[in-house]
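See structure below.
Naming: A, B, ... by sequence-line order, numbering from 1 per chain.
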Number of protein chains: 2
Amino acid sequence: MFSIGELAKRTAVKVPTIRYYEQIGLIDPPHRSEGNQRRYEPDTLDRLSFIRHGRDLGLSLEAIRDLIELSHHPERPCGRADAIVAEQLAAVRARIARLKRLERELDRMSGCGGGHTVGDCYVLRSIADHDLCASDHD
Amino acid sequence: MFSIGELAKRTAVKVPTIRYYEQIGLIDPPHRSEGNQRRYEPDTLDRLSFIRHGRDLGLSLEAIRDLIELSHHPERPCGRADAIVAEQLAAVRARIARLKRLERELDRMSGCGGGHTVGDCYVLRSIADHDLCASDHD
DNA sequence: CCTAATTGCTCTAGTGACTAGAGGTTCAAG
DNA sequence: CTTGAACCTCTAGTCACTAGAGCAATTAGG
């Protein structure tokens, strides 16, 4: 049996976040102590770590909810789990591509050292005038 | 003089977003027609394009607000503008690095083709057990 | 000049995934 | 038994929009 603080420490999920997950039905409401404080069974550790890890992997709470639902039916084919991860992988790859374009752009903009004034600041002109961009970012 | 719809078309910023920008003081309230509709001077085009471009580059509205403030004082040194962009560049690079770790992880997870069931799904086990991860993503 | 379609107006509330704070209660250590 | 940390609920705030209701103004066609 863990208090919510214990659980938070062990899973690296913050206390208010745990309460939030309970509120939106992502984890089951636990039993309470005589004084109405939450007391968790050990298996909540796994559930919460699963959520945490999924979040770290960039999954939405909705996707995680789906995966949890899925894991309650071990006999079903797991194509849906594959699909969720594949989707996320594609999203991650797209984000990387986009960020790389931005990186090039920002790098180019930040090239001009200090010493000059706002009046002829390359950074500001770059942002003001998209045409100065080397590539199409976005 | 542009209507808000015209402005939206020319800057690729949506109508409600323009109103939102006005509401938070990022663009000045324009004159109104007799019937209380917004009528914009051509220079709003530049301002809005600047905001749009900044957003595309990943800048927060706060950062953009700073840059606009800055551009009203052309005589000042522009170190602050440089700093904002440098900060953003560092953030983008960090995000890229993190996403690449995630990409590796997701790619590894999604390797196991379909046909099997949820009960022994590698994807689900991977998320459940961080120790299965090849690298430390995050 | 009239009508219909489009565009505009304000205002409120919702999104995702939390985070912060107020104001009070319970628990565990000494 | 006292103290201080941890807990409780509830509301509201964050960011950058987005959606919808219910109405008013503008514009194009006939």
Gap between atom CD of A:Glu22 and atom CD1 of A:Ile24 - 0.5 Å precision: 11.0 Å

Under 4.0 Å protein heavy-atom contact, by nucleotide of nucleotides 16-27 of chain D - B base, S sugar-phosphate only: BBS------SS-

CG-CD1 distance between A:Leu61 and A:Ile68, expressed to the nearest 0.5 angstrom: 9.0 Å

Donor-acceptor pair, side chain of B:Arg52 and main chain of B:Ala12, under 3.5 angstrom: yes

Member of A:His31, A:Met1, A:Arg32 meeting the side-chain contact (heavy atoms from CB on, under 4.5 Å) criterion with A:Arg38: A:Arg32

Integer-rounded Å distance: D:dC7 P and A:Leu7 CG: 10 Å

Nearest-Å distance for atom pair CG/C1', residues A:Leu26 and C:dG16: 13 Å

Interatomic distance, A:Ile18 CD1 vs D:dC8 P [rounded to whole Å]: 10 Å

C:dT10 phosphate, OP1 or OP2, under 4.0 Å from B:Arg32 side-chain N/O: yes

For atom CD1 of B:Ile4 and atom P of C:dC9, their distance in whole Å: 5 Å

Nearest-Å distance for atom pair CD1/C1', residues A:Ile27 and C:dA17: 14 Å

Separation of A:Leu70 CG from A:Ile64 CD1 (nearest 0.5 Å): 13.5 Å

Length of the line joining A:Arg38:CZ and C:dT26:P, which is rounded to integer Å: 14 Å

Atom-pair distance (CD on B:Gln23; C1' on C:dA13), nearest Å: 13 Å

Polar side-chain atom of A:Arg47 near backbone of A:Leu26 as donor-acceptor pair, under 3.5 Å: yes

B:Glu22 CD to C:dC11 P, straight-line distance once rounded to whole Å: 12 Å

N/O (side chain, B:Arg19) to phosphate O (OP1/OP2, C:dT10) under 4.0 Å: no

